[in-house]
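Notes follow the structure.
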Amino acid sequence: MLVRENRNKELADSIKIGLERTGGYCPCKPVKSEENKCVCTEFLQQIADPEYEGFCSCQLYYKEK
């Protein structure tokens, strides 16, 4: 399993700015809760699945098989 940052540096930098503004909470999620703190619970559950490949919901991280 390999989790990497989005290779689109401009997009990744924009998301990181959003994370700074929200105190580390996923900028694409409307609710600030511990489960939405980056790296969010949703993505942690997805990457636990060996068959999953794709981006987290805010597109900052990508999991390759």
Side-chain angles (χ1 to χ4, degrees):
M1 168 181 69
L2 173 67
V3 176
R4 63 169 170 80
E5 195 171 279
N6 192 321
R7 290 186 177 139
N8 179 330
K9 183 170 173 23
E10 187 176 321
L11 178 62
D13 288 346
S14 177
I15 296 165
K16 289 177 186 177
I17 289 169
L19 285 167
E20 287 176 21
R21 278 191 234 150
T22 63
Y25 294 95
C26 186
C28 69
K29 305 259 185 186
V31 177
K32 287 184 181 179
S33 67
E34 280 305 306
E35 65 186 23
N36 293 335
K37 195 96 161 163
C38 190
V39 173
C40 69
T41 302
E42 177 184 11
F43 191 56
L44 290 172
Q45 291 171 346
Q46 288 171 325
I47 64 176
D49 177 357
E51 295 303 310
Y52 177 79
E53 182 170 11
F55 283 101
C56 65
S57 57
C58 70
Q59 306 290 302
L60 181 58
Y61 296 108
Y62 185 81
K63 187 235 177 183
E64 298 176 3
K65 284 192 204 180

task = State, to 0.1 Å, how close Lys65 and Glu51 come at their nearest heavy-atom pair, and which atoms those are.
result = CE-O, 3.0 Å
Main-chain N/O of Ser57 paired to Lys29 side chain as donor or acceptor, under 3.5 Å = no
message = Below 30° counts as parallel, above 60° as perpendicular, anything between as tilted: where do the rings of Phe43 and Tyr52 land?
response = perpendicular
inquiry  = Let me confirm one number: the CG-CG distance from Leu60 to Asp13, rounded to the nearest 0.5 Å.
reply    = 9.5 Å
request  = Using side-chain contact (heavy atoms from CB on, under 4.5 Å) as the criterion, point out the one residue from Cys58, Cys26, Cys56, Cys38 that pairs with Ile15.
outcome  = Cys58
query = Taking everything shown except Arg7 itself, do over 12 heavy atoms lie less than 6.0 Å from its CZ?
reply = no
key: Lys32 (side chain) donor-acceptor with Tyr25 (main chain) under 3.5 angstrom   = no
Rounded distance (nearest 0.5 Å) linking atom CZ of Arg4 with atom OH of Tyr61 = 12.5 Å
key: Path from Leu11 to Ile17 over hydrophobic side-chain contacts below 4.5 Å   = no
task = State plainly whether one hydrophobic cluster holds both Val39 and Leu19, where clusters connect Ile, Leu, Val, Met, Phe, Trp and Tyr through side-chain heavy atoms under 4.5 angstrom apart.
result = yes
ask   = Roughly how far apart are Gln59 CD and Asn6 CG, rounded to 0.5 Å?
value = 7.0 Å
request  = Without swapping roles, check the side chain of Lys37 against the backbone of Gly23 for a donor-acceptor pair under 3.5 Å.
outcome  = yes
